[in-house]
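Because the structure is predicted, anything quoted here is derived from the model rather than measured. Just so you know, ligand 1 is whichever comes first in the structure, and atom 1 is the first atom listed for that ligand. Any value given below was found using the heavy atoms of this structure, including those in side chains, with hydrogens, waters and symmetry copies removed.
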Amino acid sequence: MKVFTTKRTLVTYLSAFKSANKKIGFVATMGALHRGHLSLIKQSKQQTDLTVCSIFVNPTQFNDPADLEKYPRPIEQDKLLLESAACDMLFLPAVDEMYVQGESWHIDLGDLDRIWEGAHRPGHYQGVTQIVKKLFDIIKPDFAFFGQKDFQQCMVIQRMVDKLNMPILLKIGDTLREPDGLAMSSRNVRLSAQGHHHALILSKVLFMVQHEFEQGLAVGALKNKALEMLNHAEGVELEYFAICDTATLNEVKADQRPDGPLVAIVAAWVEGVRLIDNVLL
Ligand code: PAF
């Protein structure tokens, strides 16, 4: 695997592949890689000629400095994992390679910037789109692979791609889970065994909702049941749970049963770690 730390060397190297009309796949990450990331690398390997992964803990998307500081950075282990997944290239820039001081950015993301993750993490999606735009501009991938676990992030990036007419096809990979159901996340390493156990309620509730929705239970009743379980769960501080339209992320009203696909989303804190998860209904 080739490792690049500067934009210039990466762009020079990629230009030969572009001239040869090779398809480039891109997996953007903040490191602390897990099987979810590796499955995106695998999909890219299957669908493109060259797979580039980036590892960059992006400061502009952290609205909490403590969260940025505590973000895991096991870079040597990440490199080994990428090698084992036969990733072709790793882009590993330092902060000053990606940002100049005092840079500002704003893209109109509409409601997506104001609801759910947008509301609870002000400025988060501005930071995400800012770095993803920069990475897309450098790598110019044909396909970019993101995980469904960050459902709203996938929508936000799709909106940016549409708004800016970027010739990039987004591919969304399924959420990978631990055998006990916990959605894989780089933040899970910060949970103790007990915290991990407490966090299981998130996926348990989502699977319950998925099952009962299929049985025909109304959205309002489902939400009440989910809230009851989440609010009484030990060691879990709920931020939100909602059942939403997948196209807009607007919450479905209690008595509605729309035809379109729905998504149940949840965010909660366990041992000071913020966890999110979702399932499609
Ligand atoms: O999902 C993530 O890990 C990050 O938000 C991303 C897309 C790599 C941007 O920093």
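Comment: Asp67 engages Arg190 in a salt bridge, judged by a side-chain N to carboxylate O separation of less than 4.0 angstrom. The pair Asp108-Arg159 does not meet the salt-bridge criterion, since no charged nitrogen lies less than 4.0 angstrom from a carboxylate oxygen.
Annotation: cation-pi pair Lys22/Phe17 absent, no NZ/CZ under 6.0 Å from the ring centroid and within 45° of its normal.
Interface atoms of ligand 1 facing Met30, defined by a heavy-atom separation under 4.0 Å, are 3 (O), 4 (C), 8 (C), 10 (O). Within the listing of ligand 1, atoms 4 (C), 5 (O), 9 (C), 10 (O) sit less than 4.0 angstrom from a heavy atom of Gln61. Listed by number with element, the atoms of ligand 1 under 4.0 Å from a non-hydrogen atom of Thr29 are 8 (C). Interface of Ile131 with ligand 1, defined as ligand atoms under 4.0 Å from a residue heavy atom, comprises 9 (C), 10 (O). Annotation for ligand 1: atoms under 4.0 Å from non-hydrogen atoms of Ala28 are 8 (C).
Just one of Lys133, Lys140, Lys134 meets the salt bridge (charged side-chain N to carboxylate O under 4.0 Å, His left out) condition when paired with Asp137; it is Lys133.
The residue from Lys134, Gln153, His124, His37 that puts a heavy atom closest to atom 5 (O) of ligand 1 is Gln153.
With sequence neighbours left out, Lys253 forms a salt bridge (Lys or Arg N to Asp or Glu O under 4.0 Å) with no residue at all.
Residue contacts with ligand 1, taken as heavy atom pairs separated by less than 4.0 Å, do not involve Ile157 at all.
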Atom pairs and distances, side-chain donor-acceptor, residues 202-210, under 3.5 Å, sequence neighbours left out:
{"residue": "Ser203", "atom": "OG", "partner": "Gly181", "partner atom": "O", "Å": "3.2"}
{"residue": "Ser203", "atom": "OG", "partner": "Leu200", "partner atom": "O", "Å": "3.2"}
{"residue": "Gln210", "atom": "NE2", "partner": "Leu280", "partner atom": "O", "Å": "2.9"}

